[in-house]
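Read the structure below first, then the notes.
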Amino acid sequence: MTNATLGQQLENQRERVRYLEETNLHYVTILDILASCGDLQTGISDTRSSVQIMQSAADKVKRLISFSSIAFCPVEEDASFEVAFCEPESSTREIQEEIDAKIMDGTFAWSLNQNHPVITSTRDEQQTLILHVLETHARIRGMFIGVLPGRHVNVEVSSLNALSIILTYTAYTLENATLYDMLRDHMHNLEQRVQERTMELEAARQQAEAATRAKSDFLATMSHEIRTPMNGIIGMAELLGDTPLADDQRGYLRNISISADNLLAIINDILDFSKIEAGRMELDPHPFALRELVETTLLPLRFRAERKQVGLTFSVAPDCPDMICGDSVKFRQILVNLAGNAVKFTEQGLVGVAITREGGADATVDLLMTVRDTGIGMTEEVCGRIFQPFSQADSSTTRTFGGTGLGLAICRQLTELMGGSIAVESRPGVGSSFTVRLAFALAPADSAPYYPVTQDSSAVSAAAQALPRDILLVDDVEINQELARVVMEKQGHRVTIAGNGAEAVEAFCANRFDMIFMDIQMPVMDGFQATRAIRELEQERGGRIPIVAMTAYAASGDRQKCLDAGMDSYISKPVMPDAIVAAINRYTAASPPEPVQAAADSEPAPEPDLPVFDRDELLGRLGGKAEMIPRFCTMFIGSVTTGVEGVRKALDAGDAEELHRQAHTIKGAAANIGAARIRACATRLDEMAKSREISGAPALLDELAAEFDLFRNEVGGPQ
């Protein structure tokens, strides 16, 4: 062996010895650091703060790994993570921005579920970031963040393991400190802590209820979104039915119409159920004629029963009052559901509806409604669950008779909402008997019955027989004006247009109108202000003109705002032709106007599969006049061009109120034209402006501009 070889081996041995010495020193340091972790617990039973605990932990971590900056982020009550300790303190903002970035890309959430360090890069990818959850057996206490200079830094596995041990000690120390604080608080004021805990439990209950409402809101939103194309299908089927068709084509069309009507009925059930479950269903008591309501409600069902060769009888006992006060719409819905089910499940025999009086005080009357049938009947076990949502007698019942299983659940909830009760008795193969007990107030002797406006296809045919009327249409968006004007003039009415509330008041003073359709949000003078001004003028000159609001707002309480301002009712945007026609028929009748409730319209959720332009929806609003579509699209493009510029100026000025007005205008116009994606984007921008938190508005404006470009490309409009 040569001297050179021996020298090389000797040098290798020296290098090995140095490595072992350094390794031993490293492990000695780690053991020393870990042994000192017990110091973290020192003094926590006195007044040691969480910041002091974090400082002690940071001192130990720095001995272990050479971090350029260290931070601890405890989890807050609202599940947010904010920097509570940072060393050096000047790095606090930078660390918080790194945290926010990792929250956005999902790394932060992933790290919370790991029991070891997570090594990643900083936003600029020039430094190395180490995240480690602070967790005990009971809960997550927070997050540790350490920054190392340089990219892809290698850290000893032993050091990372030691880091986990230190941070676990830190998490338990923070938890113990919290427990000691809680113990001191309980010792000082036990009653106060009990009250606070009660408040926490109440908050948890409210969160649970909010989750239920969110689920129901989703159902309501989706039901509304589905109803829009369904209305288009039904409307186009009706138009197609007025054209020359062969016998087989007419048969196909009849099947399409029946299927569409059945699907719409299912969607309506889901919508009603979600409203009730979310607590959005409210009572609207008013005088109504009991016998007339029962007769008009059951007459269509009698025709259906006769087609099946099933008898349908109904009676109201002589001692029942003619006029009572209550929510006739919900009473009618209960009656329709029960009687409709009875007819559906009865193949032969008889269905009978009877209303009798069971008592009541001087100003009230207790009514018992009984619906009997000789249908398929149910077992006792089925009767026990028949009022639960989505319940049917069995799967074969669903296949044979159809339905969602929501009708009886809705009946039960509506009955209980009205302060009553519902029960069932049934035998398989014999039939069923449903009984509903409800209490109503006796209506004053001079009360006029209230007839809610219905928005169905019958309204169009009724409108054709109405006398031409002079109507004042108030809206500041040209496309909204034109859409409503087309519908009104198609029915033979004369329309005068005002561009804002002030012009509406001037027109009212200078002319005589039979009724007014009033937008709510307008420049110069809004719809509420204009209505109040008109009502004040009426006090001087006499008379009362029906005023119907047209609004994109349809949340709980908006109807009452309209009534408080002096309006008679409202219809929701996007305004459907049937709703306009029904309102005209209602308020140009001989009887005095009564407030009516329009169907609520949920704003569209920003779904990625919304159409850029729903041509069929616009065609339906234009009464099938396809030649008018290019003109309306051009008007809409001009309106949104101005609106987008208005949004941009409002953002530059930081004016949330003006931003809200511009976004709301775009939203309404988009709803009427069928620009669903623009409408969804404008809705989110509008909601952001109403919350006065517009930091994210520039990004939404870019999205709105992009959606606008897509729309113009779709319709071939000017760029």
Side-chain angles (χ1 to χ4, degrees), residues 37-58 70-87 89 92-93 95-96 99-100 102-104 108-115 131-145 166-218 277-280 555-557 687-688 690-693 695:
C37 284
D39 298 341
L40 292 172
Q41 298 283 340
T42 303
I44 63 170
S45 59
D46 298 326
T47 57
R48 197 175 186 199
S49 68
S50 59
V51 173
Q52 290 173 317
I53 296 171
M54 295 175 195
Q55 178 67 67
S56 297
I70 291 174
F72 289 93
C73 298
V75 61
E76 304 293 338
E77 290 296 331
D78 61 354
S80 64
F81 290 82
E82 299 291 336
V83 174
F85 173 86
C86 186
E87 190 175 277
E89 189 175 348
T92 301
R93 180 175 179 180
I95 292 289
Q96 188 64 59
I99 293 170
D100 294 340
K102 296 307 175 186
I103 290 175
M104 293 300 295
F108 197 89
W110 185 78
S111 301
L112 289 174
N113 293 308
Q114 309 304 309
N115 58 1
L131 304 176
H132 197 299
V133 64
L134 300 175
E135 184 177 20
T136 67
H137 289 303
R139 56 173 291 188
I140 292 174
R141 306 298 306 184
M143 181 72 81
F144 165 83
I145 302 94
I166 294 171
L167 295 179
T168 299
Y169 266 104
T170 304
Y172 277 100
T173 303
L174 290 170
E175 184 170 270
N176 290 341
T178 301
L179 292 175
Y180 274 114
D181 288 341
M182 291 176 62
L183 180 60
R184 281 194 298 269
D185 289 343
H186 278 290
M187 292 172 64
H188 292 156
N189 195 337
L190 181 59
E191 182 179 354
Q192 178 182 352
R193 293 301 301 162
V194 169
Q195 291 175 349
E196 290 177 357
R197 182 57 180 161
T198 302
M199 293 175 61
E200 291 174 2
L201 292 173
E202 175 63 19
R205 183 186 65 81
Q206 292 177 358
Q207 289 177 355
E209 292 177 350
T212 298
R213 287 194 297 270
K215 178 193 69 176
S216 299
D217 286 343
F218 172 77
E277 195 175 46
R280 300 280 182 85
S556 176
E687 293 300 321
M688 183 178 293
K690 286 191 288 186
S691 70
R692 296 298 190 270
E693 177 52 56
S695 59

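Positions are given from 1, in the same order as the sequence printed here. Hydrogens, waters and symmetry mates are skipped; everything else that's a heavy atom, side chains included, is used.
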Inset, instruction - List the steps and the verdict of side-chain contact (heavy atoms from CB on, under 4.5 Å) for Thr170 and Phe72. - result: CA-CA 10 Å; Thr170 304; Phe72 289 93; 4.3 Å; yes

Is there a donor-acceptor pair under 3.5 Å between the side chain of [X] and the backbone N or O of [Y]?
X      : Y      : answer
Glu175 : Arg141 : no
Tyr172 : His137 : yes
Thr173 : Tyr169 : yes

How many angstroms lie between atom [atom1] of [X] and atom [atom2] of [Y], to the nearest 0.5 angstrom?
X      : Y      : atom1 : atom2 : result
Met143 : Glu135 : CE    : CD    : 10.0 Å
Leu112 : Phe81  : CG    : CZ    : 4.5 Å
Ile99  : Phe108 : CD1   : CZ    : 5.5 Å
Phe144 : Cys73  : CZ    : SG    : 10.5 Å
Leu167 : Asn115 : CG    : CG    : 12.5 Å
Arg197 : Met199 : CZ    : CE    : 12.5 Å

Inset, instruction - Show your reasoning for whether side-chain contact (heavy atoms from CB on, under 4.5 Å) applies to Leu131 and Ile145. - result: CA-CA 5 Å; Leu131 304 176; Ile145 302 94; 3.7 Å; yes

Legend entry - Nearest non-hydrogen partners of Val133 and Ile140, listed with the distance: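 Shortest heavy-atom separation between Val133 and Ile140 comes out as CG2-CG2, 3.8 Å.
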
Inset, instruction - Might you point out which heavy atoms bring Thr92 and Cys86 nearest each other, and give the distance in Å? - result: OG1-CB, 3.4 Å

Legend entry - For Ala84, all residues meeting side chain to side chain contact (heavy atoms under 4.5 Å, CB included), sequence neighbours excluded: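 For Ala84, the residues satisfying side chain to side chain contact (heavy atoms under 4.5 Å, CB included) (neighbours in sequence not counted) are Met54, Pro74.
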
Legend entry - Counterpart residues, salt bridge (Lys or Arg N to Asp or Glu O under 4.0 Å), relative to Glu196 (two or more places apart): Arg193

Inset, instruction - Please say whether more than 12 non-hydrogen atoms of neighbouring residues, nucleotides or ligands are located less than 6.0 Å from CD in Glu77. - result: no

